[in-house]
Number of protein chains: 2
Amino acid sequence: MRATMDDLTEMLKGTLEGCVLEIIGGEETYGYAITRRLNELGFADVVEGTVYTILLRLEKKGLVQVTKRPSAQGPPRKFYALNDAGREELAMFWAKWEYVSSRIDKLKEGGR
Amino acid sequence: MRATMDDLTEMLKGTLEGCVLEIIGGEETYGYAITRRLNELGFADVVEGTVYTILLRLEKKGLVQVTKRPSAQGPPRKFYALNDAGREELAMFWAKWEYVSSRIDKLKEGGR
DNA sequence: TAGTGGTACTCAGTACTACAAAGTAGCAGG
DNA sequence: CCTGCTACTTTGTAGTACTGAGTACCACTA
């Protein structure tokens, strides 16, 4: 119930999934690495559980192709890559983001 | 379950409340008018029910001052104005927005 | 004067999302 | 062997926007 700057979870709803799509779109990668990447990017509080639920959702929606590969650093990794539907969804996400963020910025400028 | 451009509801979660705060901050106003304002601003699918739940939440959090005034155009209106806590919350909202949107834009630019 | 349409508010229930928390499992180094 | 790091899974919870139904008040009009 804090109102501090670092509590961004509500604002990330609906955008985190798109961010994960974008990261996967850049290169085939896996859950743990995606979490670290998001943390690096400034989304410091995003934890693994969140990312894994998103990945399962993407898989269910048929937006990604999954490949299991052994790892030298622990249990096997599940690598994710975008398929055509995923790339389409990603483009849609950026279109929505463009739209929403421009409206909000306009509102901020006292948009009449 | 559509994936069309006009389904923005998930992306608005966490930001709509801030938008309502901003509108109230601009001038004392009431629920119905706020809904129309949001629709004008491009948030076409936002409906009254949503705005009223936000307003009740703001009231519960003690961020607004409420004044009931009779209307010539129907039942009495509940006018909302920001108090000090509300102005603080609004500033916090814009700070968060600045932060989150800049990170997402960076990610979009292929941010390394 | 009954009916319609626009204004204005309320409330119960639902869907979706991010997070918390706990657990399983493998490998490396001391 | 045991601690720490990597890596994945699952269950449950809280918060938010939306749906849909309802109440109520007024103006206009047929």
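Being a predicted model, the structure only gives us computed values, none of them experimental. Order of the sequence lines fixes the chain letters, A, B, ..., with proteins taken first and strands second; residue numbering starts at 1 for each chain. When reading the values below, keep in mind they use all heavy atoms of this one structure, side chains included, and skip hydrogens, waters and symmetry mates.
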Show the nearest heavy-atom pair for residues [X] and [Y], with the distance to one decimal.
X       : Y       : result
B/Leu21 : B/Glu89 : CD1-CG, 3.6 Å
A/Val51 : A/Val46 : CG2-CG1, 3.9 Å
A/Met11 : B/Thr15 : CG-CG2, 3.9 Å
B/Leu38 : B/Cys19 : CD2-CB, 4.2 Å
B/Ala81 : B/Glu28 : CB-CG, 4.0 Å

Separation of atom [atom1] in [X] from atom [atom2] in [N], rounded to whole Å:
X       : N      : atom1 : atom2 : answer
B/Ile34 : C/dT7  : CD1   : C1'   : 15 Å
A/Met11 : C/dT17 : CE    : P     : 18 Å
A/Lys78 : D/dT10 : NZ    : C1'   : 12 Å
A/Tyr32 : D/dT6  : OH    : P     : 4 Å
B/Phe93 : D/dT16 : CZ    : P     : 12 Å
A/Lys96 : D/dA17 : NZ    : P     : 15 Å
B/Leu56 : C/dC9  : CG    : C1'   : 9 Å
A/Phe79 : D/dC8  : CZ    : C1'   : 13 Å

With the criterion being N/O to N/O and under 3.5 Å, what pairs connect the protein with nucleotides 25-27 of chain D, and how long is each?
{"from": "D/dC26", "atom 1": "O3'", "to": "B/Ala72", "atom 2": "O", "distance (Å)": "3.4"}

All N/O pairs under 3.5 Å across the protein-nucleotides 18-21 of chain C interface:
{"from": "C/dA18", "atom 1": "OP1", "to": "A/Leu12", "atom 2": "O", "distance (Å)": "3.2"}
{"from": "C/dA18", "atom 1": "OP1", "to": "A/Gly14", "atom 2": "N", "distance (Å)": "3.1"}
{"from": "C/dA18", "atom 1": "OP2", "to": "A/Arg57", "atom 2": "NH2", "distance (Å)": "2.8"}
{"from": "C/dC19", "atom 1": "OP2", "to": "A/Thr50", "atom 2": "OG1", "distance (Å)": "2.9"}

Item to complete: Kindly compute the distance separating OG1 (A/Thr50) from CD (A/Glu17), expressed to the nearest 0.5 Å.
Response: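 Between atom OG1 of A/Thr50 and atom CD of A/Glu17 there are 12.5 Å.
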Fill in: Joint cluster assignment, A/Val47 & A/Ile34, ILVMFWY side-chain distance < 4.5 Å
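In one cluster: no.
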Fill in: Hydrophobic cluster identity match, B/Leu56 and B/Ile23, side-chain contacts under 4.5 Å
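Different hydrophobic clusters.
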Discussion item. List the residues meeting side-chain contact (heavy atoms from CB on, under 4.5 Å) with B/Glu48, not counting sequence neighbours, and say none if there are none.
Written reply: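 In terms of side-chain contact (heavy atoms from CB on, under 4.5 Å), with neighbours along the sequence ignored, B/Glu48 is linked to B/Tyr32, B/Thr35, B/Arg36, B/Tyr52.
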Discussion item. For a quick test of reading the model: is some side-chain N or O of A/Tyr52 closer than 4.0 Å to OP1 or OP2 of D/dT9?
Written reply: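 A/Tyr52 to D/dT9 OP1/OP2: no side-chain N or O under 4.0 Å.
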